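In this text, all values refer to a predicted model and were calculated from it rather than measured experimentally.
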Amino acid sequence: MNYTPFTGNELSAATREFYFNIGDERAVIYLFLVASLSFLAFSLYRRIQLWKKGKEALRTDRPLRRIMAVIKYVLLQKKVVNLKSNGLTHGLIFFGFISLVAVTAILTIQEDITWPIFGTRFLEGLPYLSWSFFADIMGLVLLTGVIAAIIRRYIVKPDCLDTRGTDTFALFSLLAVIITGFTAEGLRIAITEFPDFEVWSPAGYVIGKIFSGLDINTLTAIHYANWWIHMAGSFVFIALLGTGKLGHVIISTLNIYFMNLDNETHEKKYALDVINPEEFEKAEEFGVSHVKNFTWKQLMDGDACTRCGRCQDNCPAYLTGKPLSPKKLIQDIKANMETNLLPQAGSSEIDAGGAVLLDGAVAGDEFWACTNCGACLENCPVAVEHVQKIIDMRRYKVLMEGDMATELQTAFQNLETNYNPYGFAFAERGAWIRGATARGLEVPLMSENPEVDYLYFVGSAASYDRRNQKVALAFLKIMKAAGIRIGILGPEEADSGDAAMRGGNEYLFHALAARNMETFRKYNVRKIICTCPHDYNMLKKEYRRLKEIQDASSLKTAGYDYQVFHHTEIIAGLIRNRLITPKKPLPETVVYHDSCFLGRYNGLYDEPRYILKSIPGIQLIEMDRSRNTSFCCGAGGARMFIEEHLGTRINQFRTREAQKTGASRIATACPFCMTMLSDGIAELDIETMTAMDVAEIMFLSMEER
């Protein structure tokens, strides 16, 4: 077949014959397209039917915010591009791919809509050159990303990646589509004898030069065969966008659309679901023992998971040799879902049953190893919700089987009888303040004088642990110096229930929360300060959720009309307003450790650092893992009351990270972190470092001597 070369080299006339060298066979393209889209639709339908076997969950509210989440996390790749090398690689692939989809869509609009219907072509002259140049550049961007991904997966081989056949197929099929696309362009340019304006297609122009020595018939034959290989590969790629590795393109987007929008604001971020109190009277089972007990969104998580390993790379349990890998847990749940909820051979319906999940796909040592630090949630780019699944499985083990660590069982028994996990008498909960009161630190019980500025919710740690009592006293002395009136509940205060809820004992959490909320209502409490981030998070979020459920069920047994503050927020505010002033220089190097429940859960990163920076003489430095990448101390998720028997102790791992900075002091803002890091210093026999709370350090600088 002979073609007349393009002879008009004026840029204003620049264009090309689309579907070049294909002729009347365009109808076959539409058949391919219909077949591809049909297979894609069938694949998605099959997965949707599978997810629907899960329990109900409301994830269709606030559609505009959900669209904004898709723009933020899918189109702008917010969580992915923040990462270093692998984030850049994925960004190149994503933006290159999306751009080429847009390029193809523009061509389709012209060739299948505006030209046949309106007789209008807009890809001519400068618009054509811009379109062609953009297509080539983004094709090169995509090619660069794919090559980088291949090098990372098959040469670098980081621990987080577990390469499977579907990964290989996805990468190399995409590579083939890119190469054949550039080759088709180069052959077309060579056949048309390199019009001057085709330099605006730089990649195709260079490839065309490679083929320029061949005769026209050979060029057209190669172009024809290559073009159909490119088309077939493209349509296979489209067909598989609903399954396998390529499925995450669509399913992960859906998962982000249906994400927990509460995680977008620190007011509700990572709050756990609360069981309706009415369920305790009528439900036959609590928690999750079978895969069918998960919600449809939790089942969707398994298909949305891309196995990128970002959760695993930041998991303190995994990094210290525990059995838990958040990625593996999600994938094991997915495998269990497919085994037990997909139609089996010879069956036309999906089985509504399911094998026992906990005794099969997921081992107890896995979900009990979790510290609830939220690192997996913070780093997952597709909004998979790991922690709630772990809590659901713990609930079943505790509430239905009574299966838990002996130490945790003891802590629960103590919470039931004395409202604290340590087993001390609840009547002595306010005893720690007596000596201080005798020395002039007047802190009234709310039962004696409820007319205060703030209720100080002391928490179990500061009430009974001598080391953390020093933190409470330092905080109260700062409040006195600022003229702030503080009251406590003393024996009327119960543990917040954090360990109960995160340890799976939801019933006990309800009992403790109801007691506290009723007490708050009794004294018309409006403002509460906590020195424990776990209490702060619980009172701020899960108590609010419990109250919302009570209101909806007309079980209005307690009020929730109060604000909750962490003591670092209050102290930082007092410094800004010059109600307190650090005076005494403290010439030392301090490294601050971010508590998970203060930082990742509630976004309080700057306040503790502001306090430390305001103290003269202090040189504040950072660990490699800080702020939202901070490493857990090991005490969250009820792990404070469960001994570590596997791997490296998490608190020692974190203490070593602090030691590497050369700091003489670790500053904390959490009683659990204080205990774990102090223990880490003692266990590692580090004589050059101590741990202190931010409030203690602040008061040292205020104290007159």
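Between E385 and K297, at least one side-chain N (NZ, or NE/NH1/NH2) sits under 4.0 Å from a carboxylate O, which counts as a salt bridge. For E378 and K269, the salt-bridge test passes: some basic side-chain N is under 4.0 Å from an acidic carboxylate O. The residues D162 and R153 are annotated as not salt-bridged, no charged nitrogen and carboxylate oxygen being separated by less than 4.0 angstrom. Checked for salt-bridge contact, K540 and E267 meet the test: a charged N lies under 4.0 Å from a carboxylate O. Between E407 and R639 there is no salt bridge, since none of the side-chain N atoms of the basic residue sits less than 4.0 Å from a carboxylate O of the acidic one. Under a 4.0 Å N-O distance rule, the pair R625/E657 qualifies as a salt bridge. Under a 4.0 Å N-O distance rule, the pair R394/D392 does not qualify as a salt bridge. Using a 4.0 Å cut-off between charged nitrogen and carboxylate oxygen, R545 and E542 do not count as a salt-bridge pair.
The six-membered or imidazole ring of F475 lies away from that of F699, with a centre-to-centre distance of 6.0 Å or more. Aromatic pair F258/W296: ring centres closer than 6.0 Å.
E683 and N651 share a side-chain donor-acceptor pair at under 3.5 Å. Checked by atom type, the side-chain pair N414/N420 shows no donor-acceptor distance below 3.5 Å. Judged purely by distance below 3.5 Å, without hydrogens or angles, the side chains of N516 and Y543 pair a donor atom with an acceptor atom. For the residue pair R600 and S595, no side-chain donor N or O sits within less than 3.5 Å of a side-chain acceptor on the partner.
R656 CZ to R649 CZ: the interatomic distance, rounded to the nearest 0.5 Å, is 11.0 Å.
No side-chain heavy atom of D301 sits less than 4.5 Å from a side-chain heavy atom of I333.
Using modelled atom types, one side-chain atom of T417 and one backbone atom of Q413 make a donor-acceptor pair closer than 3.5 Å.
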